[in-house]
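Here the structure is a predicted model, which means the values were calculated and not measured.
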Amino acid sequence: MNHLRVFLSITLFIISAYFLIDIVIYSFDWLLLLLSIIGFCTAHYLWPAKHNDEQTWYDIFEIVIELPFRAIAMFFRGIGKFFKNSDSSFDI
């Protein structure tokens, strides 16, 4: 069952990466951006939990799949922190 989850997670990651490449090469599209963000998040949550019998390539793929999710999460946490710490006035 873990192999199926790994396969689906890697497939979603590749499709989401293709959507981002398509955005850069051709033209910006909000739908593709939204689908790529959803795809990266789904790939992260679809990845199976750690097991002792895993091989080293599991760890390599896990790091690669977690990078976009961590970047997305850090971006939204930064926005939340910015608005949480700001007072009601806007200063430049």
Crowding at CZ, F69 (>12 non-hydrogen neighbours, <6.0 Å): yes
Check the pair W47 / L12 against side-chain contact (heavy atoms from CB on, under 4.5 Å), numbers first and verdict last. CA-CA 11 Å; W47 190 263; L12 273 173; over 6 Å; no
Do the side chains of F75 and F13 join up, straight or via other hydrophobic residues, at under 4.5 Å, putting them in one cluster?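 Both belong to a single hydrophobic cluster.
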According to a hydrophobic-cluster definition based on side-chain heavy atoms being under 4.5 Å apart (Ile, Leu, Val, Met, Phe, Trp, Tyr only), do V64 and F19 belong together? yes
Within this structure, what is the [atom1]-[atom2] distance for the pair [X] and [Y], rounded to the nearest 0.5 Å?
| X | Y | atom1 | atom2 | value |
| --- | --- | --- | --- | --- |
| R70 | I63 | CZ | CD1 | 9.5 Å |
| I72 | R77 | CD1 | CZ | 11.5 Å |
| F7 | N2 | CZ | CG | 15.0 Å |
| I25 | L20 | CD1 | CG | 11.0 Å |
| L67 | E62 | CG | CD | 11.0 Å |

Below 3.5 Å, can you tabulate the donor-acceptor pairs from side chains in residues 30-46 to any protein atom, sequence neighbours excluded?
| residue | atom | partner | partner atom | Å |
| --- | --- | --- | --- | --- |
| S36 | OG | L32 | O | 3.3 |
| S36 | OG | L33 | O | 2.8 |
| T42 | OG1 | I38 | O | 2.7 |

